[in-house]
Amino acid sequence: MSYDFDLFVIGAGSGGVRAARFAAGYGARVAVAESRYLGGTCVNVGCVPKKLLVYGAHFAEDFEQASGFGWSLGEANFDWTTLIANKNREIERLNGIYRNLLTNSGVSLFEGHARIVDAHTVEVNGQRHSTERILIATGGWPQIPDIPGREHAISSNEAFFLKQLPKRVLVVGGGYIAVEFASIFHGLGATTSLLYRGDLFLRGFDGAVREHLRDELSKKSLDLQFNADIASIERKADGSLAATLKDGRVLEADCVFYATGRRPMLDNLGLENVEVKLDKRGYIEVDDLFQTSTPSILALGDVIGRVQLTPVALAEGMAVARRLFKPEEYRPLDYSMIPTAVFSLPNIGTVGLSEEQAIEAGHKVKIFESRFRPMKLTLTENPERTLMKLVVDADSDRVLGCHMVGPEAGEIVQGLAIALKAGATKQIFDETIGVHPSAAEEFVTLRTPVSR
């Protein structure tokens, strides 16, 4: 049967764009439909603008530390509207780059909402297109719990476009986004409280990392409230918000920001027209080849709920394109040893197993840790300390996990991720010459395991 396209991608986020343009480069006839913005969550309301705001928030500390190096600065003033305007201009530039990547690759771009009509048909803006395969890459969407007054709260989607910086902010959640935005608001000068319903945020990260970040954020006077959750939100006559907690306390704020999870974005996608199964969490079920229960329909990225990180979606998009249109270059995707960073202030960088995960997996472990004051801070009154940690298999000497809390943690751990992916042992770390003076050299000078 003849189709209009070999592959029709729904969603022009990181994974969808990567799959589309490489498939087109392999000679396939490819179309992409996007109803919101090119580049998806990461480029528009996710990783990229968030990192720009993190940079902005860190300048407060940089100015404070400058005096220790002989710099005398006048009173610093921050203007939120300037930061947001400059951020918007950069995002518009990136949108144009994504548009060019697609069109220059020969991909047909449809700007509008796409619906699946059947296993080989997609409708966009009232026009139907036949396709041999459909790839769903629509990503996720932030969730705000169904509590009284939820309409007064915002999510990350709205935070990037606030007209002004709120004076008092309540951030609700305990994952990446909550911790990062708490650091952003606090660093930019807002009185900030982070509320999390559990005992300690960043569940799934190494315990030492979680505890160390808690202590460092507390030193910065960021208000951390654990075992705390909001029952309702009320708008007061003066425009401020009153959040009533489940324990009866009332906290006043100008902004309540929720970062309590994301759901797969499947709204009005037409899945009822095809046999595509969802798992118990509501994500699309796929096999190891990213095929759904309908063989001609595939899915990847946040919508399948595996590892919800932009580089993972990129790798999945590449895997799909290669398998379908360049099978001689196809390699199954390996989800082990995926590095990641949390751009809190200070940053977290991590790759591999946490101490807890390694023990649960049956490894006999040796733990190597170092906590120290970064050299840059020795001429200042800033008490911040860095944590570096290695989790090592005692029998094989292989390094199972590498974890850091401190300046540029993501940059440092990215390099170490290559070593762990290659199966580096602790002996190889020990035999590696360090870069001196640097924080990174600490990872190759850890000699004595800590006792537990």
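Worth saying up front: this structure is predicted, and the values here are computed from it rather than measured. Here, residue 1 is the first one in the sequence, and each next residue gets the next number.
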message = In the structure I gave you, are the side-chain heavy atoms of Gln65 and Glu381 within less than 4.5 Å of one another anywhere?
response = no

Ser354 side chain reached by Phe205 side chain, heavy atoms, under 4.5 Å = no

task = Could you tell me whether the side chains of Asn44 and Asn95 share a donor-acceptor contact shorter than 3.5 Å?
result = yes

ask   = If you measure from the Lys or Arg side-chain nitrogens to the Asp or Glu carboxylate oxygens, is any gap between Lys426 and Asp397 under 4.0 Å?
value = no

task = Walk me through it: do Asn347 and Val342 pass the test side-chain contact (heavy atoms from CB on, under 4.5 Å)?
result = CA-CA 6 Å; Asn347 296 174; Val342 180; over 6 Å; no

ask   = Going by the angle between their ring planes, with limits at 30° and 60°, are Phe160 and Phe181 parallel, tilted or perpendicular?
value = perpendicular

task = Give me the one residue out of Lys219, Arg214, Lys220 that meets side-chain hydrogen bond (donor to acceptor under 3.5 Å, both in side chains) with Glu216.
result = Lys219

note = Heavy-atom nearest pair, Tyr196 first then Leu200, reads CE2-O, 3.1 Å

key: Carboxylate-amine/guanidinium proximity below 4.0 Å for Arg36 and Glu34   = no

message = Testing the basics here: between Ala321 and Ala19, what is the closest heavy-atom pair and its distance to 0.1 Å?
response = CB-O, 3.7 Å

ask   = Is there side-chain contact between Val391 and Val399, with heavy atoms separated by less than 4.5 Å?
value = no

query = Just checking, any donor-acceptor pair under 3.5 angstrom between side chains of Gln225 and Arg197?
reply = no

query = With respect to Ile348, which candidate in Val209, Asp206, Val179 satisfies the side chain to side chain contact (heavy atoms under 4.5 Å, CB included) definition?
reply = Val209

task = Before giving the answer on salt bridge (Lys or Arg N to Asp or Glu O under 4.0 Å), spell out for Lys87 and Glu90 the whole-Å C-alpha distance, their side-chain angles and the decisive distance to 0.1 Å.
result = CA-CA 5 Å; Lys87 181 269 298 181; Glu90 173 62 9; over 6 Å; no

request  = Please examine the side chains of Val43 and Leu38, heavy atoms only from C-beta on, and report whether any two atoms are closer than 4.5 Å.
outcome  = no

message = Quick one, Leu195 and Leu251 - any side-chain contact, counting heavy atoms below 4.5 Å?
response = yes

